Structures are given as C-alpha cells and as structure tokens.
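One structure is given below, encoded as structure tokens.
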Number of protein chains: 2
Amino acid sequence: MIANAHAGPLLRKLETIVTLTQGERDAIAGLPFMAREIKAGQDLVREHDRPSQCCLILEGHTFRYKLLADGKRQILSFHIAGDIPDLQSLHLRIMDHGLATLGAARVAFIPHEILRPFLHAHPRISDAFWRDTLIDAAIFREWVVNVGRRSAYSRLAHLLCENFVRMRAVGLAGPGSFEWPVTQEQLADATGLSAVHVNRTLTELRDHGLIDLARHKMVVKDWQGLQDAAGFEHTYLHLQTPPEENGTMAS
Amino acid sequence: MIANAHAGPLLRKLETIVTLTQGERDAIAGLPFMAREIKAGQDLVREHDRPSQCCLILEGHTFRYKLLADGKRQILSFHIAGDIPDLQSLHLRIMDHGLATLGAARVAFIPHEILRPFLHAHPRISDAFWRDTLIDAAIFREWVVNVGRRSAYSRLAHLLCENFVRMRAVGLAGPGSFEWPVTQEQLADATGLSAVHVNRTLTELRDHGLIDLARHKMVVKDWQGLQDAAGFEHTYLHLQTPPEENGTMAS
DNA sequence: CGTTAACTTGATAGCATTCAACTAGCGTGG
DNA sequence: CCACGCTAGTTGAATGCTATCAAGTTAACG
C-alpha cells in the first residue's frame with residue numbers, strides 16, 4: 001500500500017507523543033488530506049470563526065494569536081509541520097483565537113465530519129490526539145510562567161529553547177540550528193515585550209555568545225548557556241524521547 | 001437508585017460543558033469517589049509527581065502553580081467545586097506543575113485505573129472530559145494574553161471577571177458576589193504582579209466603584225464597568241449557556 | 001536600484017518593583 | 001480579657017526594567 005505522502009509530518013509528530021502500531025499508522029495515512037499552499041502572513045482561521053475542518057501543518061510555520069481592542073497582539077503558540085493547531089475546534093465550536101502563517105506554508109485540511117467518526121473508530125489515536133492537546137495546554141502553562149515571572153532576557157531565551165527542542169523532536173532542526181522565519185515584532189508579541197526591547201535583548205544574547213538569530217535562521221551557539229539563561233527544563237513538553245542532555249552541539 | 005452525593009459538583013460542572021443523558025449521569029454517579037478533607041494551603045499534587053489518581057474538587061478552592069529556581073511563583077489557574085484540575089495526569093505521566101488548596105477543601109480521589117476503562121466505556125463522557133481540558137487550555141491562552149498584554153489594572157479586573165463568571169456558571173456565586181479565600185499575594189502570583197502593586201490596584205478598582213474585595217468575599221459593584229476595565233469577553237470560557245448580559249446585578 | 005519592511009540605536013518617560021515601615025485582623029494562651 | 005505574635009493588608013519613597021518616541025541603517029524583493 002502506498003502511504004499517503006501528506007501523512008508523514010503528522011505521523012512523525014504523533015510518534016513523539018505515543019507509540020503507534022502499523023495498523024494505526026495505516027489508518028492515519030488513509031485519511032483524505034487536501035493539501036494547499038498558503039502565503040506568508042495569511043490567516044488560516046480567525047477568531048470567532050466556526051470551523052468545520054482542522055488544519056494539519058505539512059510544511060512551514062504558523063502561530064496562534066489574539067488581538068486586543070486597543071490593537072495589541074499576543075501570540076499564543078508557534079506551530080510546525082505535523083501540528084494540528086486548531087484540533088480543539090473539534091470540540092469547541094467557536095474559535096477564541098486566530099491562526100496564521102509565519103512564512104509560506106503547506107497545509108492540509110481535514111473535515112470534522114471525517115475526523116470525528118475516525119477518532120471514535122480508533123480510541124487509541126483519539127487518546128493520542130487528546131494527549132496532544134494536553135501537551136498544548138502544558139506549553140500554554142509554561143508561557144504563562146514565561147510572560148508572568150521571567151525577565152525579558154530569560155523570557156526570550158526560554159522561547160528559543162522551547163522552539164529548538166520542539167523542532168529537534170520532529171527532526172526539523174540541525175544539531176545546533178533551525179530555520180525560523182520569525183520577525184522581532186512577532187517575538188515581541190509572543191513574549192509580551194516591545195519589538196525594540198526584543199531587539200536589544202537579542203543583541204545581549206548574541207553578545208553573550210548564546211545564540212545567533214538572523215535571516216530567518218536561529219543558531220544555538222551555547223546550548224547549556226541558553227538553557228541556564230532561560231531556566232529551561234524540557235519536562236513540560238512531555239516528549240516520548242527526551243532530548244539528550246548536551247549532545248546537540250556534537251557536530 | 002440513590003445518587004452518589006459526591007457526584008453532584010461534577011455533574012453540575014459537566015452540564016455547563018455538555019448535555020448529559022440520564023444514563024450518563026447515573027454512570028458518573030456510580031464512580032467510587034473517596035472523599036477527603038484538606039486543610040488550607042496544602043499541596044494535593046506536586047510538580048514532578050507521577051499521580052495514579054485524579055482529584056475532583058467537591059468543595060472549596062484550589063489552584064495550580066509553578067515555582068521558579070529563584071523562588072518566584074506563578075499561579076496558573078484557580079479551580080472550584082466540580083473541577084478535576086489534574087485530569088491531564090490521565091495522559092501525561094509527570095506533573096509539570098503543583099496543585100494546592102486555597103482555603104480548606106473537600107476533595108475526592110479517583111484512581112486512573114478506574115477512570116481509564118470508564119472513559120473508554122463511555123465515549124461521550126470521554127469527549128466531555130476532553131472538551132473540559134480544551135476549555136482549560138482556552139483559559140490558559142487568555143491568561144497568556146492577560147499577563148502578556150494587559151495593564152495591571154485591566155489584568156486584575158479580568159481575573160475577577162473570569163472567576164465571577166465561572167463561579168456563577170456552576171451556581172457558586174450570588175447575584176453580585178462570591179466567596180473567594182484568596183490573598184493579595186496569590187492574586188499577585190496569578191497576574192504576574194507584585195503583592196504591593198496588587199494592593200494598590202485593588203484600591204483603585206475599589207475607589208472606582210467597580211468591586212469590593214475583603215475578608216474572602218468579592219463583591220461586584222459594577223459588573224459592566226468591571227468588564228469594560230478588563231476588556232472581558234466570555235467567549236473563551238466556551239460555556240453551554242452564556243451569562244446574561246447584565247442581569248447579574250438584579251437583586 | 002528603488003521601495004518597503006525589518007532591524008538598530010539613542011534618549012526619555014512611565015508603570016511596576018523593591019525596600020521599608022506601619023496597621024489591622026485574628027487566633028492563642030497567659 | 002487582654003497581651004502577644006503572626007499573617008495579611010496598607011502606604012510612602014526610590015529604583016529600575018521595559019515602553020515609547022524618534023532617527024537612522026540594513027536587508028529583502030520586484
């Protein structure tokens with residue numbers, strides 16, 4: 001049987017969460033993914049929408065956000081290939097936030113009316129999806145801590161740590177770097193800081209020899225130092241196979 | 001059949017999330033709840049624990065929190081009767097945060113090995129629980145916005161709005177007030193502020209005639225004004241029956 | 001190349017923290 | 001019954017982290 005090529009990222013992601021049987025892998029590959037190219041900075045779903053489908057990110061980067069009445073924006077999470085950022089729409093009718101692309105992205109849409117019976121027919125996959133949304137929530141918790149109690153310096157460092165580990169977990173990061181088409185303004189909206197201060201703080205992190213972030217490429221130059229600066233512990237990501245302690249800088 | 005008295009709060013809570021059949025209500029009432037009294041300020045679960053049971057709050061108030069290396073604390077959520085704050089432990093082995101009582105509380109513990117087959121036998125209840133954890137996540141998202149992008153004044157107002165609506169939804173608040181054994185230091189840890197500034201800001205809210213908070217009792221004196229100050233919209237709470245627009249001050 | 005978005009840097013302002021002292025409430029025990 | 005001690009709450013003054021404002025500079029892209 002030819003596996004559905006679009007299922008690759010999702011399978012890889014799920015394997016970081018649970019262990020799948022071959023039958024489950026086949027079942028997932030049998031889902032009808034309708035792929036679409038989306039340009040940078042486009043909304044996939046808007047706040048107050050009532051989606052009838054879920055978005056699976058096949059390639060590229062997306063983020064969830066909320067806008068305030070006075071125009072301020074808060075980014076709530078970043079998402080990468082294999083993520084289904086609006087999986088909750090399966091059980092929560094109204095979107096309480098928006099979903100947009102960071103750079104250009106490839107996305108597959110899966111209708112709710114297909115996903116719902118599918119999950120009822122595959123309780124273990126259903127549990128895996130539930131577990132995924134629980135990890136989602138765990139990351140939100142860490143973000144509350146990040147924005148609530150950490151200094152700008154630690155806060156940014158922590159965001160960078162998290163993204164590095166998450167991208168490594170699904171094989172999207174090299175040993176000490178990853179592609180990340182994020183702007184400083186978006187980093188500001190993710191950390192609750194101003195873009196200007198993000199700039200200054202990134203300079204600081206760079207001057208301390210911890211990272212290098214330019215031209216959509218993030219280089220981790222001192223992984224241990226970055227984690228220390230952040231107070232980062234990967235526990236909250238609940239990965240099946242935790243990242244090696246330091247081997248990441250090997251090559 | 002005599003309904004399990006301990007199931008009351010849980011049933012009431014679930015009815016704010018989904019509509020239950022009588023059979024489902026009976027099934028839930030048939031669960032073996034082992035009730036226990038817990039004193040104020042006690043940990044129910046600690047970070048890094050690997051619980052083998054879930055806590056159902058029967059009475060009283062609890063909160064989730066994380067501690068940082070430098071001793072700072074961030075409170076992640078407040079919980080009331082009917083909530084199962086550590087439901088995620090069913091699918092996430094390790095606790096990434098702690099759970100403690102605010103005032104004295106009555107709690108029922110339900111072993112995972114009972115809950116797991118129970119949910120597999122009752123897919124609709126399972127979905128309701130999933131939905132509950134998704135609403136949990138929606139509230140975390142709003143908290144990220146709250147600490148990330150709102151002023152101290154709006155931030156506190158928003159927290160108060162949220163708790164008022166949530167307590168009203170399960171019948172634990174009067175028309176314009178509710179019992180809430182929270183200290184200003186805990187409010188500070190929930191909003192990412194200092195206790196001193198919480199004090200000043202509460203005074204401001206009081207002086208503006210919006211609220212009155214003293215001796216563990218929160219009085220909403222100007223519900224519309226409080227919502228305006230907070231920029232509060234209840235959408236993210238995903239309630240089955242939204243709160244009336246203003247009728248709350250009726251009596 | 002020209003145009004625009006993204007990034008950088010300096011100066012100033014402000015909200016919230018910290019430090020410090022003091023007051024009020026409340027339970028305990030002499 | 002009031003003294004004591006502790007926790008929670010209150011208020012003032014000074015500091016500081018981060019935002020805002022304002023000008024540049026660099027990079028991206030057609």
Side-chain angles (χ1 to χ4, degrees), chain A residues 39-42 61 68 70-75 100-104 146-159 179-207 211-218 229, chain B residues 39-42 61 63 68 70-75 100-104 146-159 179-207 211-219 229:
Chain A
K39 287 197 208 113
Q42 296 289 302
H61 297 255
L68 274 76
D70 59 3
K72 290 199 193 101
R73 178 175 70 169
Q74 176 69 47
I75 289 180
T101 55
L102 220 49
N146 209 31
V147 178
R149 283 297 184 220
R150 277 197 261 263
S151 69
Y153 187 77
S154 306
R155 212 184 288 187
L156 256 175
H158 197 281
L159 180 64
E179 299 295 321
W180 202 24
V182 74
T183 67
Q184 294 185 354
E185 193 182 352
Q186 288 157 344
L187 290 176
D189 286 340
T191 50
L193 299 167
S194 70
V196 172
H197 199 62
V198 163
N199 183 287
R200 289 190 228 276
T201 310
L202 280 177
T203 308
E204 246 187 296
L205 287 164
R206 210 178 288 125
D207 291 349
I211 61 150
D212 211 19
L213 178 53
R215 265 163 255 129
H216 296 171
K217 176 154 188 178
M218 161 82 191
Chain B
K39 286 196 208 116
Q42 296 289 303
H61 297 255
F63 64 96
L68 275 75
D70 60 2
K72 290 200 192 98
R73 178 175 70 168
Q74 175 69 46
I75 289 181
T101 54
L102 220 50
N146 211 32
V147 277
R149 284 297 184 220
R150 276 196 261 263
S151 69
Y153 187 77
S154 305
R155 211 183 289 188
L156 256 175
H158 197 280
L159 180 64
E179 300 295 321
W180 202 24
V182 74
T183 67
Q184 295 185 351
E185 194 183 351
Q186 288 157 344
L187 289 176
D189 286 341
T191 49
L193 298 167
S194 70
V196 171
H197 202 243
V198 164
N199 182 288
R200 289 189 229 276
T201 310
L202 280 177
T203 308
E204 246 186 296
L205 287 165
R206 210 178 289 127
D207 291 349
I211 61 150
D212 212 18
L213 177 53
R215 263 164 257 126
H216 296 172
K217 175 153 190 180
M218 161 83 191
V219 180

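First the proteins, then the strands, lettered A, B, ... as listed; each starts at 1. Nothing here was measured: the structure is a model prediction, and the numbers come from that model.
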Report task. Quickly work out the His197(A) NE2 to dG10(C) C1' distance and round it to whole Å. Result -> 15 Å

Query - Partners passing salt bridge (charged side-chain N to carboxylate O under 4.0 Å, His left out) against Arg206(A) (at least two apart in sequence or in another chain) - result: Asp212(A)

Report summary line: With sequence neighbours left out, the residues meeting side chain to side chain contact (heavy atoms under 4.5 Å, CB included) with Asp207(A) are Thr203(A)

Query raised in the report: Which residues pass the side chain to side chain donor-acceptor pair (under 3.5 Å) test with Lys72(A), sequence neighbours left out?
Result: Asp70(A)

Query raised in the report: How does protein contact run along nucleotides 9-16 of chain D, one letter per nucleotide 5' to 3', with B for base contact, S for sugar-phosphate only, - for none, heavy atoms under 4.0 Å?
Result: SBBBB---

Query - Nucleic acid footprint by protein, nucleotides 21-27 of chain C - heavy-atom cut-off 4.0 Å, B for base, S for sugar-phosphate alone - result: -----S-

Query raised in the report: Ser194(B) side chain: which of dT18(C), dA16(C), dT18(D) is closest?
Result: dT18(C)

Requested in this report: Quick one: label Gly192(A) by what it contacts on the DNA or RNA (base, sugar-phosphate, nothing), any heavy atom closer than 4.0 Å.
Outcome: sugar-phosphate

Query raised in the report: Rounded to the nearest Å, what distance is computed from the NZ atom of residue Lys72(A) to the P atom of nucleotide dA19(D)?
Result: 11 Å

Report task. Mind checking side chain to side chain contact (heavy atoms under 4.5 Å, CB included) for Gln186(B) and listing every partner two or more places apart, or none if nothing turns up? Result -> Phe63(B), Arg73(B), Ile75(B), Leu102(B), Val182(B), Thr183(B)

Query - Which residues share a side chain to side chain contact (heavy atoms under 4.5 Å, CB included) with Gln42(B), sequence neighbours left out - result: Ile38(B), Lys39(B), Thr101(B)

Query raised in the report: To the nearest angstrom, how far is Lys39(A) atom NZ from dC29(D) atom C1'?
Result: 15 Å

Query raised in the report: What residues, two or more places apart in sequence or in another chain, satisfy side chain to side chain donor-acceptor pair (under 3.5 Å) together with Glu185(B)?
Result: none

Report summary line: Rounding to 0.5 Å, atoms CD (Glu204(A)) and NE2 (His197(A)) come to a distance of 7.5 Å

Query - Spacing of CE belonging to Met218(B) relative to CD1 belonging to Ile211(B), to within rounding of 0.5 Å - result: 4.5 Å

Donor-acceptor pairs under 3.5 Å, side chain of residues 150-157 of chain A to any protein atom, not counting sequence neighbours: which ones?
unit_1, atom_1, unit_2, atom_2, d
Arg150(A), NE, Asn146(A), OD1, 2.7
Arg150(A), NH2, Glu142(A), OE2, 2.4
Arg150(A), NH2, His158(A), NE2, 3.1
Ser151(A), OG, Ser154(A), N, 3.3
Ser151(A), OG, Ser154(A), OG, 3.3
Tyr153(A), OH, His208(A), ND1, 2.5
Ser154(A), OG, Ala229(A), O, 3.0
Arg155(A), NE, Asn146(A), O, 3.4
Arg155(A), NE, Arg150(A), O, 3.1
Arg155(A), NH1, Thr191(A), O, 2.6
Arg155(A), NH2, Arg150(A), O, 3.1

Report summary line: Overall bend of the helix from dC1(C)-dG30(D) to dG30(C)-dC1(D) (five pairs an end, 10° steps) is 40°

Report task. Measure the shortest side-chain to side-chain distance between Leu213(A) and Leu205(A) over non-hydrogen atoms and say whether it is less than 4.5 angstrom. Result -> no

Query raised in the report: Roughly, in whole Å, what's the span from CZ in Arg149(B) to C1' in dC15(C)?
Result: 15 Å

Query raised in the report: Between Arg150(B) (CZ) and dA19(D) (C1'), how many Å, whole number?
Result: 19 Å

Query raised in the report: Does the side chain of Arg149(A) reach to within under 4.5 Å of the side chain of Asp189(B), using non-hydrogen atoms?
Result: yes

